[in-house]
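I have placed the structure first, in the form of structure tokens, so that the comments after it can refer back to it.
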Protein chains: 2
Amino acid sequence: MSKGSTVKSKVGRPRSAGATGSGDPRHDVLAAAGKLFFTKGVAATSMAEIAAAAGLQPPSLYYWFRNKTAILGALVAEANRVPLGMVADVNQAGGPAGARLWTIICLDVVALSALPFDINEVHRMVDDGSPEAATYWAERQQLIREVEAIVAEGVTSGEFRPVDPRLTALSVLASDEGSQNWHRPAGGAGAAPGDDGAAAYTPHQIGEHLADLTLRGLLTRPSGLDSIRARAQRSDLLQQIAVTETQSAVVSTDIR
Amino acid sequence: MSKGSTVKSKVGRPRSAGATGSGDPRHDVLAAAGKLFFTKGVAATSMAEIAAAAGLQPPSLYYWFRNKTAILGALVAEANRVPLGMVADVNQAGGPAGARLWTIICLDVVALSALPFDINEVHRMVDDGSPEAATYWAERQQLIREVEAIVAEGVTSGEFRPVDPRLTALSVLASDEGSQNWHRPAGGAGAAPGDDGAAAYTPHQIGEHLADLTLRGLLTRPSGLDSIRARAQRSDLLQQIAVTETQSAVVSTDIR
DNA sequence: CCGGAGTTTCGAAGCGGCGTCGAAAGGCTT
DNA sequence: AAGCCTTTCGACGCCGCTTCGAAACTCCGG
């Protein structure tokens, strides 16, 4: 076994079509799959299409990935890890729970929107017993717990109303995940067929709106929202939004 | 053509298995499909399984429904119509925009939770050009517009902060649709595999929590939330929740 | 009682998607 | 030159949705 990725190797049977791509077939497959998942949706994308886009015949995909779910799994790995890392950064930066939560909501919306697929579609495809499914769900549970902890902290400090932290954390993530597909080409729930939809809004706008709405709903002293926004904007964490936005959609960074 | 539904007719070729069910095959198919969609999810349910549960062979399904999407479409018809009728009722009952919106959010969560399938799964399956898809999306657009109108009304009256009505309406519906699957048996995003999940909460609890959070985020005078809750609880509209909850899941009322 | 029309069901088969198997076609090492 | 390893592919099986045409029965008119 080897699968010498990131190395442009000349070993192995040559392709029927001339060699195309970067020299790292695994990366090419993920890039092709991400692009197709983005434009057509996951279920509507066939292995044959992915193979063709990657310059391979369909069976060759199974040398690099166990099955279609594994391809999705490799792309999905980002889906929780990016927000999780973000939460860690925000927590390390410190500050009141309100400011941290505001930043997290805003960044989470942008991060989810930047994914090459609708995260809701993933929740249905990855419900088998595969290993990547297990890690995905475990990481997602951790993300919920992290948000829950921040909410709980805000409640005990008196910064937030006495809400149920777990329920609130779930609500926050549900909003984020529900809004991330408004601007997708393939039948988004907001940008429905035959309608202008919500494509007019940028992920950044949506994130700020959602963060405002949620925080104002939580704060004991709603007038504190302005200072929270100010503090969050000052933090350089929001600068990363620009980065995340540009690298969007098409899996430019290599998946690992 | 006839398809004499609701009539227990003795015409037609007899079934290989003895005649089972209510005498209305169309209804039997929908009931069987609803039950299976609920327990296994839509994608994981095969036509053969639906046929078996309805006491038919697979091809016979296509006498009553054009295809699998049509079965889903018949079940989905409720998904928008119930909330739409509810919004009409609430608007007719009158009162300030805040109280109406609170009731709508709460009822919408309960109504969506009572559906025999995950509405998010529908958003992906019904993106073809079929007629029931068109009506579904049209009705959904109308639901968005109704909520948007209430928000706009609250904003102009000064009851709500000056938010973007459309963005807010989309956020509200996104939350509702994101939370409706926390208590489903088949891989809900909240009640994830290998975790206690959010199954502990009833749809009613979730709805009230979401309504509180959203309304408090919108109200110019957050302290008004208490009176809104009181007013909403007084309205007999909430009594319908009990009804909706009992008739849940399994498509007891005949679909038309 | 007979024959045709209408209704409902089914068996056989097509098609397209995912995934497997074993072999083929190269380079690399000895 | 002879293996060995890596990568790719062709042929194939299986399962899902769906179509087609015929079968099986009732009903009704004569």
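Every chain is numbered from 1, with letters handed out A, B, ... down the list of sequences.
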Show your reasoning for whether side-chain hydrogen bond (donor to acceptor under 3.5 Å, both in side chains) applies to A:E208 and A:H204.
CA-CA 6 Å; A:E208 291 201 355; A:H204 194 140; 3.0 Å; yes

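For B:S60 and C:dT8, the shortest distance from a side-chain N or O to OP1 or OP2 is not below 4.0 Å. Dashed line: the shortest gap from a side-chain N or O of B:S16 to OP1 or OP2 of C:dC10 is under 4.0 Å. Proximity of A:Y63 to the phosphate of D:dT8: no side-chain N or O atom is located under 4.0 Å from OP1 or OP2.
Taking atom CE of residue A:M47 and atom P of nucleotide D:dC12, one finds them 21 Å apart after rounding to whole Å. Rounded to an integer number of Å, the gap from NE2 of B:H27 to C1' of C:dT8 is 19 Å. As a whole-Å value, the separation of B:Q57 CD from D:dT18 C1' is 15 Å. Spacing between atom CH2 of A:W64 and atom P of C:dC18 amounts to 20 Å, rounded to whole angstrom units. Look at CZ on B:R15: it is 16 Å from C1' on D:dA23, rounded to the nearest Å. Taking atom CZ of A:F65 as the reference point, atom C1' of C:dT20 lies 18 Å away to the nearest angstrom. Note: CG (A:N67) to P (C:dC21) measures 14 Å, nearest angstrom. Atom-to-atom, OH of A:Y62 to C1' of D:dT8 comes out at 15 Å; the value is rounded to the nearest Å.
Between A:H27 and A:W64, the ring center distance fails the sub-6.0 Å criterion.
Among the protein residues, A:L61 comes within range of no part of the nucleic acid, since none of its heavy atoms lies under 4.0 Å from any strand.
For residues 104-120 of chain A, the set of pairs meeting the salt bridge (Lys or Arg N to Asp or Glu O under 4.0 Å) definition, not counting sequence neighbours, comprises A:D118-B:R124.
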I'd like to compare against my own output: the B/S/- annotation of nucleotides 25-30 of chain D with a strict under-4.0 Å heavy-atom distance to protein.
BSS---

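Salt bridge status for B:E49 with B:K35: absent, with no side-chain N to carboxylate O gap under 4.0 Å.
A heavy-atom distance below 4.5 Å is found between the side chains of B:S171 and A:W182. Considering only heavy atoms from C-beta on, B:E121 stays 4.5 Å or farther from B:F37 through its side chain.
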